[in-house]
Amino acid sequence: MKNKSLWSSTQSLMVVIHYTDLEALNEYRRALDKILDDSQVKKLTIIVTLPKDVNKDTLPPHFLIYYNSPNDYTFMGKLKDVLLQRELEKSFDMLLWVGSLEQKVYQEIKSCSFKQKVVVNDVDDGFFDLELKSKDENAFTLLDFVVGTLDKIELI
């Protein structure tokens with residue numbers, strides 16, 4: 001009997017990506033749709049971290065996406081977005097963090113419950129279970145690489 005892979009056993013997934021522009025965000029959305037079509041993932045949450053100068057009200061709303069900006073925190077560093085806070089209280093099978101960990105939401109996410117935590121293209125500070133590197137920044141190629149790698153890791 002074949003063991004299940006890390007990817008095939010993932011039913012709930014949180015993905016954190018960093019906003020550069022609307023075109024790149026749309027490309028990540030399409031790439032995520034592609035990899036999730038043939039997956040076991042039933043629950044998906046996407047957190048898009050925004051630079052301070054981007055107004056999240058100008059971005060297209062989506063029921064799976066939480067836009068997170070430095071403006072979403074109080075002076076004391078407390079998250080003001082109640083909906084995102086509720087989402088972060090849930091448990092997930094996997095966290096997939098793409099890019100720099102230098103984001104305010106990282107401290108919030110560290111208190112969440114994940115079975116597996118994967119960081120792509122940054123250096124693990126001890127929180128993640130797996131660190132992956134890819135030179136390709138194209139969303140489709142990057143996510144195909146991540147899923148291909150996770151699919152090769154068998155759970156015991």
Side-chain angles (χ1 to χ4, degrees), residues 7 10-37 39 41-150:
W7 179 248
T10 300
Q11 293 185 9
S12 58
L13 175 66
M14 178 182 284
V15 178
V16 180
I17 56 176
H18 307 292
Y19 182 87
T20 52
D21 58 42
L22 190 55
E23 184 179 325
L25 175 61
N26 288 333
E27 184 173 292
Y28 264 105
R29 285 179 53 191
R30 288 190 303 273
L32 283 166
D33 284 344
K34 179 180 176 273
I35 66 167
L36 295 175
D37 279 345
S39 75
V41 175
K42 306 286 186 253
K43 179 182 185 310
L44 172 65
T45 298
I46 303 168
I47 298 175
V48 178
T49 61
L50 303 172
K52 193 173 190 168
D53 60 336
V54 175
N55 181 353
K56 66 182 178 180
D57 295 332
T58 64
L59 299 174
H62 193 280
F63 70 101
L64 296 175
I65 296 177
Y66 294 87
Y67 295 109
N68 183 260
S69 160
N71 299 327
D72 290 335
Y73 295 86
T74 66
F75 177 73
M76 300 302 286
K78 183 172 171 32
L79 182 61
K80 294 188 273 187
D81 185 337
V82 176
L83 294 176
L84 178 55
Q85 186 61 48
R86 283 193 196 131
E87 194 66 23
L88 294 174
E89 292 170 359
K90 298 175 183 175
S91 296
F92 293 87
D93 290 332
M94 182 176 294
L95 167 64
L96 179 59
W97 186 292
V98 180
S100 172
L101 297 174
E102 295 294 321
Q103 305 295 325
K104 282 196 170 224
V105 76
Y106 182 52
Q107 293 307 313
E108 303 289 330
I109 285 179
K110 286 176 90 171
S111 65
C112 294
S113 175
F114 301 101
K115 289 182 183 172
Q116 301 293 326
K117 301 172 293 276
V118 179
V119 62
V120 181
N121 290 343
D122 201 359
V123 178
D124 176 19
D125 65 355
F127 174 70
F128 292 90
D129 302 308
L130 184 62
E131 177 184 322
L132 300 175
K133 298 278 187 203
S134 173
K135 291 181 182 175
D136 201 326
E137 295 192 16
N138 174 282
F140 288 94
T141 309
L142 180 75
L143 292 177
D144 279 342
F145 162 72
V146 170
V147 168
T149 303
L150 296 176

*Asks:* With sequence neighbours excluded, tell me which residues meet salt bridge (Lys or Arg N to Asp or Glu O under 4.0 Å) with Lys80.
*Replies:* none
*Asks:* Residues two or more places apart in sequence or in another chain: which of them pass side chain to side chain contact (heavy atoms under 4.5 Å, CB included) with Val123?
*Replies:* Glu131, Lys133
*Asks:* Mind checking side-chain hydrogen bond (donor to acceptor under 3.5 Å, both in side chains) for Tyr19 and listing every partner two or more places apart, or none if nothing turns up?
*Replies:* none
*Asks:* Kindly compute the distance separating CD1 (Ile109) from OG1 (Thr49), expressed to the nearest 0.5 Å.
*Replies:* 9.0 Å
*Asks:* Testing Asn71, Asp72, Asn68 for side-chain hydrogen bond (donor to acceptor under 3.5 Å, both in side chains) with Lys56, which one passes?
*Replies:* Asp72
*Asks:* If you look only at pairs with a residue in residues 53-84, which of them pass as a ring pair (Phe, Tyr, Trp, His ring centres under 6.0 Å), with sequence neighbours excluded?
*Replies:* none
*Asks:* Determine whether a donor-acceptor pair (N or O, by modelled atom type, separation under 3.5 Å) exists between the side chain of Ser12 and the backbone of Asp93.
*Replies:* yes
*Asks:* Please report the interatomic distance CG(Asn121) to CG(Leu142), rounded to the nearest 0.5 Å.
*Replies:* 6.0 Å
*Asks:* Does atom NZ of Lys115 have more than 12 heavy-atom neighbours, drawn from other residues, nucleotides or ligands, at distances under 6.0 Å?
*Replies:* no
*Asks:* Taking side-chain hydrogen bond (donor to acceptor under 3.5 Å, both in side chains) as the definition, give me every residue that meets it alongside Trp7, ordered by chain and number, with sequence neighbours left out.
*Replies:* none
*Asks:* Test side chain to side chain contact (heavy atoms under 4.5 Å, CB included) on Leu95 and Phe127 and set out the steps.
*Replies:* CA-CA 11 Å; Leu95 167 64; Phe127 174 70; 3.9 Å; yes
*Asks:* Within a strict 4.5 Å, meaning less than it, do heavy atoms of the Leu130 and Leu150 side chains meet?
*Replies:* yes
*Asks:* If the condition is ring-ring contact (aromatic ring centres under 6.0 Å, His included), which residues does Phe145 pass it with, not counting sequence neighbours?
*Replies:* none
*Asks:* Using every non-hydrogen atom in the two residues, find where Gly99 and Val119 come nearest and quote the distance to one decimal.
*Replies:* O-CG2, 4.3 Å
*Asks:* Heavy atoms, side chains only, cut-off 4.5 Å: are Ser134 and Thr141 in contact?
*Replies:* no
*Asks:* Measure the CG-CG distance between Leu64 and Leu36 for me, rounded to the nearest 0.5 Å.
*Replies:* 9.5 Å
*Asks:* Working to the nearest 0.5 Å, report the span between CD1 of Ile65 and CG of Leu32.
*Replies:* 8.5 Å
*Asks:* Are Leu79 and Leu88 packed together at the side-chain level, in the sense that at least one heavy-atom pair is separated by less than 4.5 angstrom?
*Replies:* yes
*Asks:* Within a strict 4.5 Å, meaning less than it, do heavy atoms of the Ile46 and Tyr28 side chains meet?
*Replies:* no
*Asks:* Under the side chain to side chain contact (heavy atoms under 4.5 Å, CB included) rule, collect the residues that match up with Lys78, sequence neighbours excluded.
*Replies:* Thr74
*Asks:* How many angstroms lie between OG in Ser39 and CD in Gln11, if you round to the nearest 0.5 Å?
*Replies:* 9.5 Å
*Asks:* Applying side-chain hydrogen bond (donor to acceptor under 3.5 Å, both in side chains), name anything that partners Lys117, two or more places apart in sequence or on another chain.
*Replies:* none
*Asks:* Closest approach of Pro70 and Pro51, non-hydrogen atoms and distance?
*Replies:* CD-C, 4.2 Å
*Asks:* Cut-off 3.5 Å, no hydrogens considered: what does the side-chain donor-acceptor table look like for residues 101-108, sequence neighbours left out?
*Replies:*
from	atom 1	to	atom 2	distance (Å)
Tyr106	OH	Asp125	OD1	2.8
Tyr106	OH	Asp125	OD2	2.9

*Asks:* Provide the full list of salt bridge (Lys or Arg N to Asp or Glu O under 4.0 Å) pairs with a residue in residues 16-36, sequence neighbours left out, each pair given once.
*Replies:* Lys34-Asp144
*Asks:* How long is the straight-line distance from OG1 of Thr20 back to CG of Leu50, given to the nearest 0.5 Å?
*Replies:* 10.5 Å
*Asks:* If the condition is side-chain hydrogen bond (donor to acceptor under 3.5 Å, both in side chains), which residues does Asp81 pass it with, not counting sequence neighbours?
*Replies:* none
*Asks:* Would Met14 and Ile47 count as a side chain to side chain contact (heavy atoms under 4.5 Å, CB included) here? Give the steps.
*Replies:* CA-CA 8 Å; Met14 178 182 284; Ile47 298 175; 3.8 Å; yes
